[in-house]
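Single-structure report; data block below.
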Amino acid sequence: MRRTDRLFALLTTLGDHNLHRAEDLAAAQNVSLRTLYRDIGRLQSSGVPVTGTRGVGYRLDRATTLPPLTLTDPEIEALQLALAIVLETTDPDLKSAAATLASKIDACLPLEGAQQAADWQHIEHPFANAARGMGHLPILRAAIRARQKLKIVYNSPDETLRSLILHPASLEHHARSWILKGWDETENKDTSLRLDLIENADALPALFTPRG
């Protein structure tokens, strides 16, 4: 059984809000106790209110549970953007609620599209200034669709500004870190740019042909 299927089945069992022994949960899932404890930990770390201890049992605290939802990519992007903005707030309660909601959403997103060993994974604070650069989205999206060159002023991680001509290829978001990917005509190489570090983006009156 896939891990996601196990977690869903585990939540279904715990959904009666009664106390369940770990041994019984493991037997129902046909997994070892070690795997069961890991699955419980994954649910807890994603914000699911599972309480209990080893040797005693686990229960799901009563909380509002939404039915399964199917979201389109634009809806997910809108939700990610909204969370990025709320995570910038100075209200500690609201910020904490946004953080736990973000964890729950991230836990439900498919893993297949996650980019491995990419630059965004090494950002020290992935939520910091995540809402910056969102004003560039209309221009970036239009340029990608029209295959139009962009003049980008970019604030590099070493805090030096540089200008480049970009052939934009795609926009991606990972844990509210937004990435613009494309071909850097100035340095003649593929590049990935963090949206929060883009100072300015202008569409140029020139089109490009996607590289094969």
Side-chain angles (χ1 to χ4, degrees), residues 2-4 45-46 70-89 95 98-99 101-212:
R2 294 179 304 177
R3 185 177 70 188
T4 52
S45 64
S46 67
T70 301
L71 302 179
T72 64
D73 286 344
E75 288 171 340
I76 292 175
E77 291 179 1
L79 188 57
Q80 297 277 23
L81 173 57
L83 284 170
I85 293 172
V86 177
L87 284 164
E88 298 290 322
T89 185
K95 190 169 185 176
L101 177 57
S103 296
K104 293 177 183 179
I105 293 170
D106 290 342
C108 296
L109 292 176
L111 297 177
E112 289 78 4
Q115 183 182 4
Q116 299 299 319
D119 291 341
W120 65 268
Q121 293 176 313
H122 304 294
I123 299 172
E124 183 177 1
H125 302 290
F127 295 155
N129 298 320
R132 287 193 61 204
M134 294 298 102
H136 300 308
L137 276 177
I139 292 176
L140 303 182
R141 290 182 185 278
I144 291 172
R145 288 194 296 266
R147 297 178 179 175
Q148 189 171 11
K149 295 183 181 182
L150 291 169
K151 182 178 181 180
I152 302 287
V153 177
Y154 191 66
N155 188 6
S156 300
D158 61 2
E159 298 185 353
T160 60
L161 288 176
R162 71 183 183 95
S163 180
L164 66 140
I165 304 300
L166 184 75
H167 302 185
S170 65
L171 276 168
E172 300 176 1
H173 58 80
H174 307 275
R176 282 151 298 283
S177 294
W178 287 67
I179 304 295
L180 173 64
K181 303 180 73 173
W183 177 257
D184 184 344
E185 182 180 297
T186 306
E187 296 192 3
N188 198 37
K189 66 177 184 179
D190 290 317
T191 190
S192 297
L193 306 177
R194 285 171 46 189
L195 256 64
D196 60 307
L197 296 182
I198 294 178
E199 297 292 332
N200 196 43
D202 293 312
L204 299 176
L207 303 180
F208 65 89
T209 300
R211 296 171 57 82

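Just so you know, these numbers use all the heavy atoms, side chains as well, and skip hydrogens, waters and symmetry mates.
- Closest heavy-atom contact between Thr191 and Leu166: CG2-CD1, 3.6 Å.
- Shown here for Lys149 and Phe208, the closest heavy-atom pair between the two residues is N-CD2, 3.9 Å.
- At distances below 3.5 Å, at least one donor-acceptor pair connects side-chain atoms of Gln148 with backbone N or O atoms of Leu204.
- The list of salt bridge (Lys or Arg N to Asp or Glu O under 4.0 Å) pairs with a residue in residues 139-148, not counting sequence neighbours, reads Glu77-Arg141.
- Minimum heavy-atom separation, Ile198 to Tyr154: CG1-CD1, 3.9 Å.
- In terms of the side chain to side chain donor-acceptor pair (under 3.5 Å) criterion, residue partners of Asp202 (sequence neighbours excluded) are, by chain and number, Asn200.
- Ser192 places no side-chain N or O within donor-acceptor distance of the main-chain N or O of Lys181, the cut-off being under 3.5 Å.
- Ile139 and Ala203 get closest at one heavy-atom pair: CG2-N, 4.3 Å.
- Side-chain contact check for Lys151 versus Ile165: some heavy-atom pair is nearer than 4.5 Å.
- For the atom pair CG (Leu193) and NE2 (His136), the distance works out to 11.0 Å, reported to the nearest 0.5 Å.
- At least one side-chain heavy atom of Arg194 sits less than 4.5 Å from a side-chain heavy atom of Ile179.
- Counting only heavy atoms from C-beta outward, the side chains of Pro168 and Leu180 approach each other to under 4.5 Å.
- Ala201 and Ile152 get closest at one heavy-atom pair: CB-CD1, 3.7 Å.
- Nearest heavy-atom pair across Thr186 and Leu164 is OG1-CA, 3.2 Å.
- Put simply, the side chain of Leu137 reaches to within 4.5 Å of the side chain of Leu195, judged on heavy atoms.
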